[in-house]
Every structure is written in structure tokens, then in C-alpha cells.
2 protein chains.
Amino acid sequence: MSTTISILLVEDQEMVRAALAALLETENDFAVVGTAPDGRAALEWLADHEADVLVTDIEMPQLDGLQLCAAARRARPDLKVVILTTFARAGYFRRAMSSGASAYLLKDAPAAALVSAIRASITGQKVIDPQLAAEAWSDPDPLTHRERQVLRQAEGGASSEAIAEALGLSEGTVRNYLSSAIGKLQVRNRAEAAALARAKGWL
Amino acid sequence: MSTTISILLVEDQEMVRAALAALLETENDFAVVGTAPDGRAALEWLADHEADVLVTDIEMPQLDGLQLCAAARRARPDLKVVILTTFARAGYFRRAMSSGASAYLLKDAPAAALVSAIRASITGQKVIDPQLAAEAWSDPDPLTHRERQVLRQAEGGASSEAIAEALGLSEGTVRNYLSSAIGKLQVRNRAEAAALARAKGWL
DNA sequence: ACCACGAAATGACGAATGTCATGGGTCGCG
DNA sequence: CGCGACCCATGACATTCGTCATTTCGTGGT
């Protein structure tokens with residue numbers, strides 16, 4: 001039937017993937033025509049098959065949901081993308097929207113919201129949580145590229161020396177970047193800075 | 001029908017909860033008779049209703065899945081509990097088993113594993129991933145109560161002084177505990193120690 | 001009664017960290 | 001062109017952190 005909506009579902013946790021598929025299949029005009037455990041596999045599937053909507057998680061190995069969204073829409077501009085994630089991070093949300101996603105939903109949201117978002121995406125509408133959108137524009141990433149790199153290394157507890165080694169910088173320069181990031185984020189040390197930046201979705 | 005298996009499903013993310021319910025309902029001798037978003041709500045439900053099996057996530061607000069498991073089995077020793085989680089942490093696994101859980105499954109596992117674990121739990125069997133069990137016994141928590149407390153505070157980047165304040169200790173004592181934990185875990189600083197302990201499920 | 005052990009503290013020392021001033025270099029923009 | 005950003009580095013300094021030796025105190029075990 002021409003009114004059936006065909007869906008490619010991408011989610012790394014196998015049990016959750018199967019569960020979401022079962023949920024979507026309960027709508028009788030939805031058809032889950034393919035599933036994939038990560039972005040790489042999803043792109044391979046798309047090379048050989050057709051789908052109306054791509055429903056994807058963000059946190060995945062290989063190629064995350066945001067990279068997948070951008071790559072998939074480059075290949076097929078008419079494909080609608082619904083992003084589904086655990087985290088209400090402004091950075092993620094912003095990246096998703098600028099990659100051409102049609103909707104950004106939290107796994108905390110009701111199942112009905114996913115169903116209606118999929119239907120709305122088909123008609124070309126964008127589904128955005130107003131709270132999330134407001135936070136996203138009011139809270140832009142203040143970090144430079146280098147500060148982000150250094151914070152990522154510092155997250156696991158690496159020493160300044162180890163970070164300098166990893167990035168090919170001097171130890172003093174690393175300390176400067178960390179100090180700069182600590183100042184921008186108004187926290188007291190590298191660990192707090194890394195934790196905050198991670199929570200905001202800036203890393 | 002007397003052979004129907006009644007299930008209480010506990011999971012904080014509403015969409016995942018609905019999805020898992022849809023998945024379980026596809027088995028025609030399973031009936032999801034109740035759902036709850038956290039441990040507290042689950043216990044309230046159990047006060048008024050009956051179920052054969054409790055399927056619960058671990059990471060939840062209010063009362064986590066492990067606490068729920070212990071409390072539920074205290075109230076109803078014949079209730080079977082299937083723990084479902086994202087993390088393969090030895091500490092979680094050990095706590096689950098000593099709380100009387102029948103099964104400990106990862107969300108990475110196939111959906112069929114969940115179904116068969118539920119069936120097996122009814123017959124009194126325990127379903128344990130052999131890899132996880134081996135890791136659990138070979139990797140016991142080496143930390144003392146105080147070391148755990150201090151590491152939990154250190155996770156977010158708190159200074160020794162702030163930790164001392166929070167726990168009512170002197171700053172030097174806090175440094176001693178951290179130093180001890182760092183030594184036991186064979187890492188180089190508090191951030192690495194906290195990250196490792198968290199990954200092992202010891203916090 | 002004695003011992004072992006964890007909890008708590010103190011003081012001291014070297015190492016790592018955070019801050020600041022200062023010097024460069026590149027690049028895009030008005 | 002000059003200006004502002006971001007990038008890279010060095011040196012100096014105070015603070016924080018990690019380590020170690022040592023002491024006190026209470027609890028539980030034998």
C-alpha cells in the first residue's frame with residue numbers, strides 16, 4: 001500500500017532495538033523494513049534499500065547518530081531523520097538540527113510522541129521540543145577546538161604531560177588551555193570543567 | 001489461563017518502557033500487567049497487585065533496581081526478579097545475585113534471551129552470563145567504605161577541602177583515603193581512580 | 001587482657017596543577 | 001593594512017595534590 005511508512009531503525013542495544021521495532025510495528029501503517037546496530041551498518045543498508053524515515057539513537061560505536069544523519073541526508077536529501085536519545089544536551093540538539101534532522105526526541109518522552117513525530121516528518125514538519133530549543137540557543141559552546149581536545153583527554157584523568165604527549169604540544173601549553181577552559185566554565189579545576197562540558201554536550 | 005506469565009515492568013525511560021512492553025506482549029503467554037517508572041512506584045504497585053515476574057532496569061531515580069529487587073523479595077519471596085541493565089559491572093552483578101535476582105541480563109543481549117530468562121525464572125532457574133560471573137568473582141571490590149565515599153565526591157571534580165567539608169573530615173584525611181584508593185587501583189590520580197571504580201561498579 | 005584493624009588526624013615533602021605575564025605565529029575581516 | 005581570534009610556547013609563582021611516617025581511638029576477636 002502506498003500509504004505505508006517504511007522505517008529504518010538504528011540502535012546499538014539489541015534488546016532495545018527489538019523492543020522499539022515491536023512498538024513501531026503495532027502501528028498498522030508503519031513497517032520496520034530494516035534495522036542496524038550502528039551508523040556504519042545503517043549506511044551499508046541504505047546503499048541497497050529504500051526507506052521513508054530513519055529513526056536513530058545517538059550514542060553508538062563506529063559512527064554515531066549525528067554523523068549518520070549528516071551522511072544519510074547527503075546521500076538521500078529526501079530521507080527524513082528522527083533522532084532518539086537519552087540526553088537533553090544542547091550541543092547534540094544543535095548538531096542534529098544543522099545536520100537536517102526532522103525531529104529530536106528524548107527516550108524519556110511518551111511512545112506516542114515518537115509515533116506522531118514520524119508521521120509529522122513525512123509531511124515535512126520539524127518536531128522540536130520548545131524547552132530544548134530555547135536552551136540550545138541560549139547556551140552556545142564557548143570552547144575553542146583545542147580546549148575541547150584537551151578536556152576530552154583530561155576526562156579520564158590524564159596528566160598534563162600525558163595530554164601534551166598525545167596532542168603533540170608542550171606541557172605548559174596544555175596547562176594554558178585547561179586554565180582557559182576552567183575560566184570560561186567558571187569552575188575550579190580540570191575535572192569539574194570536563195564534567196560540565198560533557199554534561200552540556202560540548203565534548 | 002493458568003499458564004499465562006504475568007509481568008511487572010520497571011524502567012525509567014518511558015519510550016523504552018513502552019517498547020519493552022510491546023516486545024513482551026508479542027509472546028502470547030506473557031502479560032504485562034503493570035509498569036512503573038522507578039522503584040518506589042513499583043513497590044506501591046506491588047502492595048495492591050500480584051505478578052509472577054518483576055523485570056527491572058537498574059539505573060533509576062528514587063529507588064534503583066537493585067534496592068527494588070531486595071525490597072520486593074523481602075515482601076514476596078516467591079516473586080522472580082529479572083535485572084536488565086546497560087552495564088556489565090561486576091559490582092552490580094554481585095549485588096543483584098545476593099539480593100536474590102533470578103537473572104541478570106544486558107540490554108545488548110538478544111531479545112530472545114530476555115524471553116527465555118523470564119521462562120527459566122518461573123521454573124526456579126538462575127540465568128547467569130558465565131563471563132560476567134567469572135569476572136565478578138575474580139574482581140572483588142578492594143575499597144573500604146570511606147574510600148568509596150571519598151571517590152564518589154571526587155568524581156565531579158571536588159577539591160580535597162570540599163570533600164572534607166561534605167564528609168566532616170579533615171583535608172589531610174581525605175588525601176590519605178584518596179592516596180590509599182589510588183594505590184589499590186594502581187592508577188596515577190584521583191580522577192583515574194574515580195573513573196576506574198565507577199567502571200567496575202564499585203561506587 | 002591482648003591484639004589486629006579500620007577510622008581519623010597531623011606534619012612534612014616533592015610533584016602536579018592552576019594562574020599570569022609575555023612573547024611569538026597564522027588567519028580572516030573590515 | 002590593522003585588528004582581533006585562535007594557536008603555541010616559556011618562565012615564574014602559589015596552590016593543590018599525592019605520599020609517607022606516626023599517633024590516637026574505638027571495635028571486634030581470640
Side-chain angles (χ1 to χ4, degrees), chain A residues 90-91 94-95 98 137-203, chain B residues 91 94-95 98 139-200 202-203:
Chain A
R94 215 173 3 244
R95 279 178 59 200
S98 62
W137 300 131
S138 70
D139 215 24
D141 185 347
L143 302 173
T144 71
H145 177 55
R146 284 300 193 177
E147 288 162 356
R148 254 191 304 281
Q149 283 188 307
V150 171
L151 278 182
R152 263 193 289 265
Q153 300 279 329
E155 252 192 316
S159 66
S160 299
E161 193 194 351
I163 298 173
E165 172 73 17
L167 300 182
L169 299 174
S170 81
E171 193 193 324
T173 301
V174 169
R175 292 217 300 275
N176 283 340
Y177 285 139
L178 285 170
S179 182
S180 165
I182 289 167
K184 285 179 181 176
L185 302 181
Q186 305 195 79
V187 292
R188 266 187 258 26
N189 56 50
R190 57 179 70 189
E192 277 187 35
L196 178 58
R198 170 62 64 187
K200 292 281 191 180
W202 293 333
L203 297 189
Chain B
R94 212 167 13 238
R95 280 177 59 200
S98 61
D139 217 21
D141 185 348
L143 302 174
T144 69
H145 177 54
R146 285 298 191 176
E147 286 162 359
R148 253 191 305 280
Q149 281 188 307
V150 171
L151 278 182
R152 263 193 290 263
Q153 299 279 329
E155 251 192 315
S159 66
S160 299
E161 194 193 351
I163 298 172
E165 173 73 17
L167 301 182
L169 299 174
S170 81
E171 193 193 324
T173 303
V174 169
R175 290 218 300 277
N176 283 340
Y177 285 139
L178 285 169
S179 181
S180 165
I182 289 166
K184 285 178 180 175
L185 302 182
Q186 305 195 78
V187 292
R188 264 184 294 321
N189 55 49
R190 57 181 66 194
E192 278 187 32
L196 178 57
R198 170 62 62 187
K200 292 282 191 178
W202 294 333
L203 298 189

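The figures that follow rest on heavy atoms only: side chains count, while hydrogens, waters and symmetry mates do not. All chains are named by letter (A, B, ...) in the order of the sequence lines, taking the proteins before the strands, and each is independently numbered beginning at 1.
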Checklist entry - Hey, are A:Ser160 and A:Arg190 close enough side-chain-wise for a donor-acceptor pair under 3.5 Å? => result yes
Checklist entry - For A:Gln149 and A:Arg152, what are the C-alpha separation, side-chain angles and deciding distance, and is it a side chain to side chain donor-acceptor pair (under 3.5 Å)? => result CA-CA 5 Å; A:Gln149 283 188 307; A:Arg152 263 193 289 265; over 6 Å; no
Next on the checklist: Please determine whether a side-chain nitrogen of the Lys or Arg among B:Asp141 and B:Arg148 lies less than 4.0 Å from a carboxylate oxygen of the Asp or Glu.
Outcome noted: yes
Next on the checklist: If you assign A:Lys184 and A:Arg175 each to the DNA chain D nucleotide with the nearest heavy atom, which residue ends up on the more 5' nucleotide?
Outcome noted: A:Lys184
Checklist entry - Are there more than 12 heavy atoms of other residues, nucleotides or ligands under 6.0 Å from atom CD of B:Glu161? => result no
Next on the checklist: Rounded to whole Å, how long is the line connecting atom CG of A:Asp141 with atom P of D:dC6?
Outcome noted: 11 Å
Item to check | Atom pair distance, as rounded to whole Å: CD in A:Gln153 and P in C:dT17 | outcome: 13 Å
Checklist entry - In whole angstroms, how far is the C1' atom of D:dG18 from the CD atom of B:Gln186? => result 16 Å
Item to check | Gap between atom CZ of A:Arg146 and atom CG of A:Leu167 - 0.5 Å precision | outcome: 6.5 Å
Item to check | D:dC8 base / A:Asn176 side chain donor-acceptor hit below 3.5 Å | outcome: no
Checklist entry - Quick one: is A:Tyr177 getting a side-chain N or O under 4.0 Å of the D:dC8 phosphate, OP1 or OP2? => result yes
Checklist entry - D:dT16 base to B:Asn189 side chain: any donor-acceptor pair below 3.5 Å? => result no
Next on the checklist: Applying a 4.0 Å non-hydrogen cut-off, can you work out what B:Ser160 is touching in the nucleic acid: base, sugar-phosphate, or nothing?
Outcome noted: sugar-phosphate
Item to check | Length of the line joining B:Glu147:CD and D:dT19:P, which is rounded to integer Å | outcome: 13 Å
Next on the checklist: How many whole angstroms separate atom CD of A:Glu192 from atom C1' of D:dT16?
Outcome noted: 13 Å
Checklist entry - OP1, OP2 of D:dA9 versus side-chain N and O of A:Thr173: anything below 4.0 Å? => result yes
Item to check | N or O in side chain of A:Ser179 less than 4.0 angstrom from C:dT17 OP1/OP2 | outcome: no
Item to check | Short side-chain N/O contact from B:Arg146 to OP1 or OP2 of C:dG6, under 4.0 Å | outcome: no
Item to check | Distance below 4.0 Å between A:Arg188 side-chain N/O and C:dG18 OP1 or OP2 | outcome: no
Checklist entry - Given C:dA7, is OP1 or OP2 found less than 4.0 Å from the side-chain N or O atoms of B:Thr144? => result yes
Next on the checklist: What is the distance, to the nearest angstrom, from the CG atom on B:Leu169 to the C1' atom on D:dC25?
Outcome noted: 15 Å
Item to check | Between P of D:dG18 and CD of B:Glu171, the distance in whole Å | outcome: 11 Å
Next on the checklist: From C-beta outward on B:Ser170, which listed nucleotide comes closest to its side chain: C:dT10, D:dC7, C:dT17?
Outcome noted: C:dT10
Item to check | Whole-Å distance separating the CG atom of A:Leu167 from the C1' atom of D:dC7 | outcome: 13 Å
